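Just so it is clear, the structure is predicted and the values come from calculations on it, not from any experiment. To find a chain, count down the sequence lines: A is the first, B the second, and so on, and within it residues start at 1. No hydrogens, no waters, no symmetry mates; every other heavy atom, side chains included, goes into these values.
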There are 2 protein chains.
Amino acid sequence: MDVALRAELAAQGVAPDCIETIGLVRDILARVGDKWTVLIVTELASGPMRYTALHEKISGISQRMLSHTLRALHRDGLVTRTAYAEVPPRVEYELTALGRSLAQAVDHLVLWVRTHQSAIAGNRDAFDGDD
Amino acid sequence: MDVALRAELAAQGVAPDCIETIGLVRDILARVGDKWTVLIVTELASGPMRYTALHEKISGISQRMLSHTLRALHRDGLVTRTAYAEVPPRVEYELTALGRSLAQAVDHLVLWVRTHQSAIAGNRDAFDGDD
DNA sequence: CAGCATCCTCTTAGATACTG
DNA sequence: CAGTATCTAAGAGGATGCTG
């Protein structure tokens, strides 16, 4: 699919690095807009946290999704992962500078949603009502 | 799941309308962060467009996803849908004021991604390299 | 404690074919 | 032209059990 998209964009005469950008933007946007990502980033915005603390604070997330999302975030350099060689083991996650700037950007969008949520909810009701 | 989340948040002592907000924010964020939504909204930012025009401009989208996403956008009051009683039929989609404000907010996030994409790409390479 | 591996289910979205 | 209907494949994500 990525390849097909690439080919199609190329056929349309889109510049190569624009294609690169579109793919990456899509990809990063998918991560950023992700349900769990938003919640984790928001949670970490207030300071470093341990795995279990996150698991308890973000109700409903499974261990699987928590570690997968944290790993993805770590991979993108949005959080740091610090494992202390203790017994019992302790691992702390913390936003990087990049992660904090993301938190701000996300906050901006969340603010938009909060500002317009009632309007949207109203539109949905109206739409579902008649139509 | 929504119900379980609700119950858990309540158990944690989260205020009822905060719970409502969290659910809605998640929901709207999922729509807003959606791959096709972003592309459609971005495309419509430059003016009203017909179904086929969108389909051609947004390469890779299927008819199914285009109509589904447009319908969702319409439901949320982010775009208007105007069908002209002609032969052959003509339908135009256009951002509403709300849709335009969303376009701006999305643009902000897209800008963040564009600004930091190389850093993220570098982080990924580094992560995949060693680890 | 902090997770990974496995299994299994449910949703998502593409392809294809058909309609007002 | 502007969709809808149906089928199917791929992936997301939950539950469970096990490990450094």
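- Counting any heavy atom pair closer than 4.0 Å across all strands shown, Tyr84(B) reaches no nucleic acid atom.
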Scoring nucleotides 5-11 of chain D by protein non-hydrogen atoms under 4.0 Å (B base, S sugar-phosphate only, - none) yields -B-----

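- Atom pair Glu92(A):CD and dC1(C):C1' shows a separation of 13 Å (rounding to whole Å applied).
- Ring centroids of Trp112(A) and His116(A) are separated by less than 6.0 Å, placing the two rings close together.
- Among the nucleotides dA17(C), dC4(C), dG14(C), the one closest to the side chain of Gln63(A) is dC4(C).
- Distance, Trp36(A) CH2 to dG14(D) C1': 10 Å, rounded to whole Å.
- Classification of Glu43(B) and Lys57(B) as a salt-bridged pair holds, one side-chain N sitting under 4.0 Å from a carboxylate O.
- Summary of the strand contacts: Asp34(A) and Pro89(A) both lie near DNA chain D, and taking for each the nucleotide with the nearest heavy atom, the more 5' one is attributed to Asp34(A).
- OP1 or OP2 of dT4(D) lies within a sub-4.0 Å distance of a side-chain N or O belonging to Ser67(B).
- The distance from atom NE2 of His55(B) to atom P of dT4(D) is 13 Å, rounded to the nearest whole Å.
- Residues Thr69(A) and Leu39(A) fail the side-chain proximity criterion, which asks for heavy atoms closer than 4.5 Å.
- Rounded to whole Å, atom P of dG13(D) lies 13 Å from atom CG of Leu66(A).
- Nucleic acid contact for Thr52(B): sugar-phosphate only, since backbone atoms but no base atoms lie under 4.0 Å from a heavy atom of the residue.
- With a 4.5 Å cut-off on side-chain heavy atoms, His108(A) and Leu109(B) do not count as touching.
- Atom C1' of nucleotide dC1(D) and atom CG of Leu54(B) are separated by 14 Å, given to the nearest angstrom.
- Residue Tyr93(A) places at least one side-chain N or O under 4.0 Å from the OP1 or OP2 atom of dG3(C).
- Following rounding to the nearest Å, Lys35(A) (NZ) and dG13(D) (C1') show an atom-to-atom distance of 9 Å.
- Between the P atom of dG14(D) and the NE2 atom of His68(A) lies a distance of 11 Å, rounded to the nearest Å.
- Atom-to-atom, CE of Met65(B) to P of dT12(C) comes out at 9 Å; the value is rounded to the nearest Å.
- By the 30° and 60° cut-offs, the orientation of the rings of His74(A) relative to Phe127(B) is perpendicular.
- Nearest heavy-atom pair across Val38(B) and Val110(B) is CG1-CG2, 4.4 Å.
- Exactly one of Val32(B), Leu73(B), Thr42(B) qualifies for a side chain to side chain contact (heavy atoms under 4.5 Å, CB included) with Thr37(B). That residue is Leu73(B).
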